[in-house]
Amino acid sequence: AAHCQARLETLATALPTAKLLDSTLQRRCRQRRAHPSSQFPQPLGTPTGAPRCGEQGRGEPGGPSTARLTGTPADPDGLLTSAIRRQPFSIVLLDEFEKAAPEVSDLLLAVLDEGRLTDALGRVADFSQSVILLTSNLGAREARSRLGFSSTSEPGSEDAIYLRAAEQFFRPEFFNRLDRVIPFRSLDRTQLERIARRLVNQVLERDGLRRRRCLLLTTPPAIDRLVQLGYHPQLGARALKRVVEREIAQPLATRLANVT
């Protein structure tokens with residue numbers, strides 16, 4: 001908080017978009033110190049792939065979805081308002097925001113407009129020194145045909161799909177209060193190979209292998225095989241971790257268990 005630096009980390013992909021977001025947040029932090037009265041930005045990241053901190057404010061059957069965020073007279077410490085009152089220098093991440101109930105959008109609209117929110121007891125949570133990030137899957141279905149290892153797709157046209165989907169989904173008064181729409185593009189082959197190598201290295205760093213001083217040689221064809229088995233057009237690199245467990249960790253554990 002003292003240096004007002006916000007580090008957003010993805011799974012070792014070193015995505016240019018993630019770096020852009022990280023540098024943007026640091027620049028806005030410096031602007032905030034120079035102009036304390038200015039409003040902080042509220043970037044919108046699309047689609048899923050944005051940094052994930054938790055899910056807040058999704059509608060629940062049988063009760064108002066905003067009650068969890070702002071509290072009730074019986075339980076006034078709302079998840080959102082109490083957190084911001086404790087730590088106003090925060091990054092607030094609302095994941096898959098398009099699934100939130102409409103009253104949550106109305107609640108956030110007041111935050112983006114006035115930079116403050118009142119809980120059930122009338123206590124004010126000041127958001128003027130916070131960064132609000134919304135993640136979304138809007139436009140992902142339309143852009144799904146572009147996912148894969150092909151490098152022929154044009155980033156500009158893919159970005160336009162996400163921007164158009166966000167404009168069509170959000171009300172104009174809400175969309176106009178978002179400073180930026182930041183697309184998180186699909187992973188390419190090189191990035192997936194880097195993820196696979198990192199996951200394999202994490203397996204090799206486990207205590208059981210380190211205590212036994214085991215050495216495992218992973219060749220480029222082996223990494224390529226993991227990528228082929230673990231990549232899914234819709235799931236991205238999520239399945240890659242399961243493949244590393246199945247193809248590397250489990251056979252290695254079985255082999256070590258048989259060593260006397």
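Along the sequence shown, residues are numbered consecutively beginning with 1.
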Rounded distance [0.5 Å steps], [atom1] in [X] versus [atom2] in [Y]:
| X | Y | atom1 | atom2 | result |
| --- | --- | --- | --- | --- |
| L163 | Q168 | CG | CD | 10.0 Å |
| I248 | L204 | CD1 | CG | 8.5 Å |
| Y162 | S136 | OH | OG | 10.5 Å |
| R198 | K241 | CZ | NZ | 10.0 Å |
| E245 | L240 | CD | CG | 11.0 Å |
| L138 | T135 | CG | OG1 | 10.0 Å |

> Charged N to carboxylate O below 4.0 Å: is that the case for R123 and D77?
Replying inline: yes
> Are the charged groups of D106 and R171 less than 4.0 angstrom apart, N to O?
Replying inline: yes
Please say yes or no: joined through hydrophobic side-chain contacts below 4.5 Å, possibly via intermediate residues, are [X] and [Y] part of one cluster?
| X | Y | value |
| --- | --- | --- |
| L216 | I195 | yes |
| V92 | V124 | no |
| L121 | L79 | no |

Under 3.5 Å, side chain of [X] to main-chain N/O of [Y], donor-acceptor pair present?
| X | Y | value |
| --- | --- | --- |
| D113 | L109 | no |
| E98 | N137 | yes |
| S130 | P88 | yes |

Going by heavy atoms in the side chains, are [X] and [Y] under 4.5 Å from each other?
| X | Y | value |
| --- | --- | --- |
| L178 | L112 | yes |
| R164 | I161 | yes |
| V203 | V200 | no |

> Have D188 and T190 got a donor and an acceptor in their side chains that come within less than 3.5 Å?
Replying inline: no
> Hey, mind stepping through T66 and E103 against side-chain hydrogen bond (donor to acceptor under 3.5 Å, both in side chains) and telling me if it holds?
Replying inline: CA-CA 7 Å; T66 59; E103 56 265 25; 5.8 Å; no
> Hey, mind stepping through F97 and F169 against side-chain contact (heavy atoms from CB on, under 4.5 Å) and telling me if it holds?
Replying inline: CA-CA 11 Å; F97 188 75; F169 181 83; 5.8 Å; no
> Passes side-chain contact (heavy atoms from CB on, under 4.5 Å), L226 versus L199? Steps please.
Replying inline: CA-CA 10 Å; L226 292 175; L199 292 174; over 6 Å; no
What is the minimum heavy-atom distance between [X] and [Y], and which atoms define it?
| X | Y | answer |
| --- | --- | --- |
| Q129 | F89 | OE1-CZ, 2.9 Å |
| A125 | T81 | CB-O, 3.7 Å |
| P73 | A120 | N-CB, 3.8 Å |
| L108 | L134 | CD2-CD2, 3.7 Å |
| E173 | R177 | O-NH1, 2.6 Å |

> Please walk me through it: do T218 and R197 pass side-chain contact (heavy atoms from CB on, under 4.5 Å)?
Replying inline: CA-CA 9 Å; T218 55; R197 290 191 184 95; over 6 Å; no
> Run the side-chain contact (heavy atoms from CB on, under 4.5 Å) check on L117 and I84 step by step: do they pass?
Replying inline: CA-CA 10 Å; L117 189 62; I84 295 299; over 6 Å; no
